[in-house]
J.: 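First the structure, then my questions, so here it is.
Chain letters run A, B, ... following the sequence lines, proteins first and then strands; every chain starts at 1.
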Amino acid sequence: MSLRKRIIETALLFLSPSLAFPQNNSNPGVNRDAAIGSDFEQRVASYMKIHQHAQNGLTAPKKTESAEKIPEYQHQLAAKIRELRPQAQQGDVFTPETVGLFERLIASALNGQDGEKIRKSYEHAEPAAIRGIRLEVNQTYPDGVPLQSMPPSLLLNLPALPKDLEYHFVGRELVLLDVPANLIVDVIPDVTTPEKK
Amino acid sequence: MIRRALILVVVVIGIGTFVLHRAVDTTHASTLAVSATADGRLDVKLPLDQKSVRFAVIGDNGTGEKPEYEIADEMEAYRKAVNYDFVLMMGDNIYGRHRASDFERKFETPYKPLLDAGVKFYACLGNHDDAGETFYKPFNMNGQRYYSFKKSDVQFFALDSNYMDATQLDWIQQQLSSSNAKWKIAYFHHPLYSDGRFHGPDVDLRNQLMPIFEKNGVNVVMSGHEHIYERFKPEGGIYFFVLGNSGELRYGNLRKGSTIMASGFDTDRTFMVVEISGDKLYFQTISRTGQTVDSGVLQRQPKPQAAQTADQQAH
């Protein structure tokens with residue numbers, strides 16, 4: 001399947017369930033997943049409003065000679081986001097239904113034609129370096145702990161994210177990371193990872 | 001007899017102290033003299049043609065430890081001889097924490113002579129890097145995880161192999177297809193081919209990138225991540241290099257008996273100097289002690305049909 005075709009199909013699946021699937025409900029499971037995906041997209045969009053609001057009044061260090069200014073901006077942005085979502089907890093974005101969807105999508109990728117390549121790519125990313133680390137919502141990603149790279153074929157199977165958010169496996173968790181703030185937005189604990197058993 | 005024994009003890013203690021001092025010495029000053037050929041000149045394998053594009057390559061350098069500084073000393077010696085004016089960084093630019101003092105110790109101090117001479121560094125992100133490095137001006141990333149820049153008729157594409165999502169893949173396709181540069185060089189942290197035993201190749205990344213690279217006439221791909229040096233026989237018509245030992249090193253980590261390796265080195269740190277002149281790319285890989293461990297010349301490959309059509313449309 002070409003990349004462009006895969007992107008269009010994923011977009012249709014999650015952004016326009018009524019367009020992707022007819023109203024005769026001949027595929028109730030797919031319609032359910034489309035609805036869950038649409039809900040996930042709305043929760044991500046709500047979070048991004050908080051992110052953008054937090055950015056107001058802050059100047060991102062576009063190009064700085066001063067290495068001190070980089071973590072300074074991250075800390076300020078993260079602090080403002082925490083103020084705007086003080087009650088944030090696991091499940092705000094990754095609802096139980098979304099967790100089920102993601103488990104199905106990950107399993108689908110791992111059991112598909114690229115599954116073995118995904119597993120090898122994951123091993124490439126030094127998962128042992130961060131085994132045992134547990135993260136919490138609104139926490140800063142620890143400085144000095146290497147981020148896992150994401151197998152691209154797996155990424156293509158997950159819902160697309162806006163520019164400033166990324167998925168990363170951290171040990172046994174799938175994390176939604178706000179990259180400019182270096183902040184954990186939400187976590188799926190004990191998720192199936194591509195690590196070979 | 002007693003006096004001889006005492007002299008022997010003093011000598012042994014002296015030698016032991018010297019060895020211990022050298023073993024724990026991680027201070028900034030390199031005590032290795034820049035090596036040279038027997039007549040005192042550096043071993044330079046590049047032709048130094050007029051109007052050529054010349055640059056250096058380092059990878060997995062950001063340890064802040066003595067071997068990184070020693071490589072940097074060699075780089076400065078070669079800068080004076082070769083006159084390269086920019087450096088490609090293969091990622092893992094800063095290991096460990098990312099405080100201002102870390103940037104100073106792991107980048108600003110070892111490469112100060114190069115920076116003071118106006119050499120520009122173009123970094124890509126490794127798995128040990130912080131996304132904030134994209135804002136660090138000396139890395140010339142302009143706040144972008146992936147970007148492109150041109151030097152004469154050579155276009156460079158710095159990619160983020162930590163997060164190769166659909167948006168980046170689309171960008172790569174668009175950038176490569178619209179480029180009419182004579183040479184297209186892509187670089188990113190995770191290697192598509194590797195005989196390193198610790199990591200090996202990223203076959204999923206290869207699966208996604210090779211069709212794009214082959215279709216759009218990429219000439220050279222460089223990567224790091226594996227803490228060795230390796231050059232490959234052409235794969236899909238593309239020249240591949242791994243250089244991930246400019247600070248870090250995995251001693252003896254290269255697999256034996258590879259059928260795809262053209263040259264490999266895994267017993268010390270290295271950097272590479274490159275000169276592109278017309279249709280030829282000259283390279284020289286130099287170790288921490290100034291030994292040339294690999295060198296040669298690569299002929300520019302003919303462009304694939306799709307890339308030729310794009311060139312014609314552009315003109």
J.: Assert yes or no for the condition that the ring centre distance of Phe139(B) to Tyr122(B) is strictly below 6.0 Å.
T.: no

J.: Are Lys106(B) and Tyr95(B) in a cation-pi contact, defined as NZ or CZ under 6.0 Å from the six-membered ring centre and within 45° of the axis?
T.: no

J.: Are His227(B) and Asn245(B) close enough, and set up right, to give a side-chain hydrogen bond (donor to acceptor under 3.5 Å, both in side chains), and what steps lead you there?
T.: CA-CA 5 Å; His227(B) 297 163; Asn245(B) 60 341; over 6 Å; no

J.: What part of Tyr163(B) gets closer than 4.5 Å to chain A, counting heavy atoms only: side chain, backbone, both or neither?
T.: both

J.: Looking at Asn142(B), Asp165(B), Asn207(B), which one has more heavy-atom pairs under 4.5 Å with chain A than the rest?
T.: Asn207(B)

J.: Working note: His189(B) + Asn127(B), criterion side-chain hydrogen bond (donor to acceptor under 3.5 Å, both in side chains); need CA distance, chi angles, decisive distance, verdict.
T.: CA-CA 8 Å; His189(B) 189 61; Asn127(B) 54 307; 3.0 Å; yes

J.: So is Arg206(B) actually on top of Tyr193(B)'s ring, under 6.0 Å and inside 45° of the axis?
T.: yes

J.: Is chain A contacted by the side chain of Ser161(B), its backbone, both, or neither, given a heavy-atom distance below 4.5 Å?
T.: backbone

J.: Name the region of Pro211(B), side chain, backbone, both or neither, that has any atom closer than 4.5 Å to a heavy atom of chain A.
T.: neither

J.: Quick check on Tyr73(A) against chain B: is it the side chain, the backbone, both or neither that has a heavy atom closer than 4.5 Å?
T.: neither

J.: If I measure from the heavy atoms of chain B, does Gln74(A) come under 4.5 Å with its side chain, its backbone, both, or neither?
T.: side chain

